[in-house]
*Asks:* 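Below you'll find the structure I mean.
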Amino acid sequence: MSFRIRVFALVLLIAVTAIGLTAWLSVRLTAGQFAESQQTATRNELSTVDTFRTYALRHGTWAGIDKVVQRLSSTNQQRIRLTNLYGQVTVDTDHLANRAARPVITSPALIDPRPTLVFPPAELAAQASPGVEAKVGNRLEAVTLQNIVEYRQTVLFARCLTDLFATPPTLTTNRYGIPVGNGKTDDLGCGEQVREAVAVDAEGDMSYVVTCRGEKDTASCLTKAFGERVASFAPEPLQLFLGAREDDAVTLIGRPGLIAGGGVLFLVILGTAIIARHVSRPVRDLTAASRRLADGDLDARVTSVGRDELGQLSESFNRMAAAVQAAEQAQRRLVASVAHELRTPLSNLLGYLEALQDGLVAPRRELFASLHDEAVLQRRILDDLQDLTLAEAGHLTYRRSDFDVADLVDTARVAHLAVAEAAGVRLTAATAGPLPVHADHDRLRQVLGNLIGNAIRYTDRGGEVTLRAFPDGDRVAVEVRDTGCGIAPADLPFVFQRFWRADPARDRATGGSGLGLTIARQIVRDHDGDLAVQSVVGEGSTFRFTLPH
Ligand code: ADP
């Protein structure tokens with residue numbers, strides 16, 4: 001997959017995942033949180049109502065409720081407001097915290113501190129029986145009155161204790177569901193007060209008369225009548241408001257939503273950062289490596305990963321770096337070789353010139369001839385070097401024409417006959433012409449001349465050099481075979497290298513530059529051909545090149 005598509009796919013994947021995850025989390029958390037907070041609010045409201053109602057039942061008064069309110073509010077971290085049915089504030093935690101009361105957000109819950117009179121089923125059972133109805137009605141009325149009085153006493157006693165000690169009495173619930181004292185009212189110093197109040201009630205306006213006879217449902221009529229009678233002395237009903245407008249959003253979805261959103265954002269940033277890092281790493285590696293290469297560190301390479309565009313770029317960079325390194329090394333070797341090649345003949349020349357100057361050697365004719373040869377060799381080395389440099393750079397110009405290679409071979413034989421004769425070597429040619437080629441005649445003559453010259457040079461007196469030219473498939477082959485000293489197998493790979501000589505001392509003496517074969521092969525290759533050698537030490541060598549027709 002291409003780099004661009006991969007980056008695109010990755011970014012798309014991250015975006016889609018992030019969006020999906022965010023939406024999923026938001027919906028889940030919000031819905032869950034909302035339902036949970038609704039339940040919690042309801043539970044909380046019910047238990048708060050219960051707490052306050054119990055307080056009123058036990059204390060017989062709302063006095064001191066502010067402490068309970070404050071404690072509950074700080075436990076639940078919630079604003080609590082209690083008002084009576086006319087909206088007058090009994091206690092508000094906003095006021096307790098010395099700030100203006102905030103608007104309320106929920107409808108109020110009613111706290112009715114009056115106990116409910118409940119007749120045990122056994123006592124009601126007789127009610128339905130005909131004949132005993134009136135009797136039961138009388139009895140239930142009596143029970144109701146009794147409970148009103150008892151509850152009145154309980155309220156008075158509890159209020160007295162709350163006033164005196166701020167501690168409620170221990171109450172129990174009688175069989176009709178009404179809280180009553182445990183009978184130890186005297187011990188606590190409230191008995192007298194309660195008795196007096198009850199006596200005043202009995203004498204005064206406080207009439208507890210209940211009349212439900214003739215009602216269809218005597219029991220529920222009495223329960224209602226009980227509630228109405230005790231309302232005059234029970235603590236008044238209050239309205240409970242929980243929470244305030246500004247609490248809402250934050251507690252319901254704000255905080256968890258923010259945490260989830262932040263978490264997703266963090267994950268997205270982290271994921272993107274990791275992927276961006278991963279994706280851009282090869283680019284950074286390449287940048288660093290090219291900087292090092294530019295600064296001269298030719299060993300700089302990058303680890304190429306994968307087969308995408310970046311992998312290919314890394315590989316190309318490595319190849320380029322290797323080529324630059326090879327070129328640099330080749331150049332260094334060439335300079336070293338050239339320096340080495342020129343130093344010896346120059347030192348020779350210099351030595352003789354100094355000796356002549358100092359009169360240490362006689363200026364003989366042979367000496368000048370030898371020094372001249374030395375200078376000629378140096379010029380040849382430089383000429384060859386220039387040819388080679390041009391050829392290797394592809395700048396050597398070729399003037400191509402159509403000619404017969406058989407003619408070229410015959411001409412070259414004739415040209416070298418004198419040298420061969422002088423060396424005592426038999427030079428023969430066998431050509432199967434015509435062998436037409438389209439090539440640079442002079443350059444190929446140079447190649448052939450170099451091969452024949454070498455063959456004669458490395459063949460001992462009495463040996464033989466044979467030239468052959470013949471068709472080879474769709475190509476033309478030219479062979480120079482000698483019966484000379486041959487080349488050792490270990491040396492064969494180096495034959496075409498610049499300045500390589502099997503025996504430097506001897507070969508230099510014969511005027512070889514060590515560049516001849518290198519140039520010859522370059523010229524043949526520039527003609528889409530190739531030059532190769534086969535050789536057996538002591539038997540001779542065969543240099544063979546082929547050219548296209
Ligand atoms: P040079 O100009 O010194 O001859 P070349 O590049 O032509 O340089 O040859 C390189 C070396 O290859 C020679 O020095 C010689 O050692 C070896 N060589 C070339 N031709 C032959 C041959 N026909 N027989 C044996 N050795 C050869």
Side-chain angles (χ1 to χ4, degrees), residues 330 333-334 337-338 340-345 348 373-392 396 409 412-413 415-416 419-420 422-429 443-468 477-526 530-545:
R333 273 202 307 273
L334 179 66
S337 306
V338 172
H340 176 78
E341 288 303 319
L342 296 182
R343 190 176 297 118
T344 317
N348 247 345
D373 282 352
E374 205 69 76
V376 167
L377 174 61
Q378 285 174 57
R379 200 176 64 192
R380 227 194 104 192
I381 289 176
L382 288 176
D383 289 347
D384 284 355
L385 205 56
Q386 193 176 17
D387 272 2
L388 183 65
T389 311
L390 285 174
E392 282 180 344
L396 200 61
V409 171
R413 186 186 87 89
H416 284 82
V419 184
V425 173
R426 211 161 84 87
L427 179 61
T428 57
R443 288 292 177 194
L444 286 186
R445 201 169 145 177
Q446 181 186 346
V447 172
L448 202 53
N450 181 268
L451 297 181
I452 298 171
N454 281 347
I456 296 170
R457 196 179 306 150
Y458 300 110
T459 302
D460 290 335
R461 191 165 280 280
E464 193 172 339
V465 173
T466 315
L467 310 180
R468 283 177 68 215
V478 179
E479 249 180 38
V480 179
R481 180 190 297 259
D482 65 60
T483 56
C485 60
I487 304 164
D491 290 341
L492 277 179
F494 307 107
V495 167
F496 296 105
Q497 276 184 11
R498 345 178 142 102
F499 297 121
W500 184 87
R501 300 179 183 97
D503 179 354
R506 172 183 162 176
D507 297 334
R508 277 192 62 84
T510 57
S513 68
L515 291 168
L517 284 178
T518 320
I519 295 171
R521 187 167 68 167
Q522 188 62 47
I523 291 172
V524 172
R525 282 186 174 172
D526 287 347
D530 205 6
L531 172 61
V533 60
Q534 284 179 331
S535 186
V536 178
V537 177
E539 286 181 21
S541 313
T542 304
F543 282 84
R544 172 184 174 152
F545 68 88

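Counting starts at 1 for both ligands and their atoms, in listed order.
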*Asks:* Closest approach of D530 and V524, non-hydrogen atoms and distance?
*Replies:* N-CG1, 3.3 Å

*Asks:* Report yes or no: does a heavy atom of G484 sit under 4.0 Å from some atom of ligand 1?
*Replies:* no

*Asks:* With atom 7 (O) of ligand 1 as the reference point, say which of N454, T518, I456 has the nearest heavy atom.
*Replies:* N454

*Asks:* Assess the side chains of D526 and Q522: does a donor N or O sit below 3.5 Å from an acceptor N or O?
*Replies:* yes

*Asks:* List the atom pairs, donor and acceptor, that lie under 3.5 Å between side-chain atoms in residues 486-493 and the rest of the protein, sequence neighbours left out.
*Replies:*
none

*Asks:* So does R481 have more than 12 non-hydrogen atoms from other groups sitting under 6.0 Å from CZ?
*Replies:* no

*Asks:* Please name the pair of heavy atoms, one in L385 and one in L515, separated by the smallest distance, quoted to 0.1 Å.
*Replies:* N-CD1, 3.8 Å

*Asks:* I need the contact type for D482 against ligand 1. Using non-hydrogen atoms and a strict under-4.0 Å cut-off, is it side chain, backbone, both or neither?
*Replies:* side chain

*Asks:* Can you name the residues that form a side chain to side chain donor-acceptor pair (under 3.5 Å) with R333, not counting sequence neighbours?
*Replies:* none

*Asks:* Would you name the heavy atoms of Q446 and I523 that are closest together and state the gap between them?
*Replies:* OE1-CD1, 3.9 Å

*Asks:* Considering the heavy atoms of S541, write down every atom of ligand 1 situated less than 4.0 Å from one of them.
*Replies:* 24 (N)

*Asks:* Should you measure from each heavy atom of G514, which atoms of ligand 1 turn up under 4.0 Å away?
*Replies:* 1 (P), 2 (O), 3 (O), 6 (O), 8 (O)

*Asks:* Who gets closest to atom 17 (C) of ligand 1 by heavy atom: F499, F494, F496, W500?
*Replies:* W500

*Asks:* Using a 4.0 Å cut-off to any heavy atom of R501, which atoms of ligand 1 qualify?
*Replies:* 3 (O), 14 (O), 16 (O)

*Asks:* Where on L517 is there a heavy atom closer than 4.0 Å to ligand 1, on the side chain, on the backbone, on both, or on neither?
*Replies:* both

*Asks:* Within ligand 1, which atoms have a heavy atom of N450 less than 4.0 Å away?
*Replies:* 7 (O)

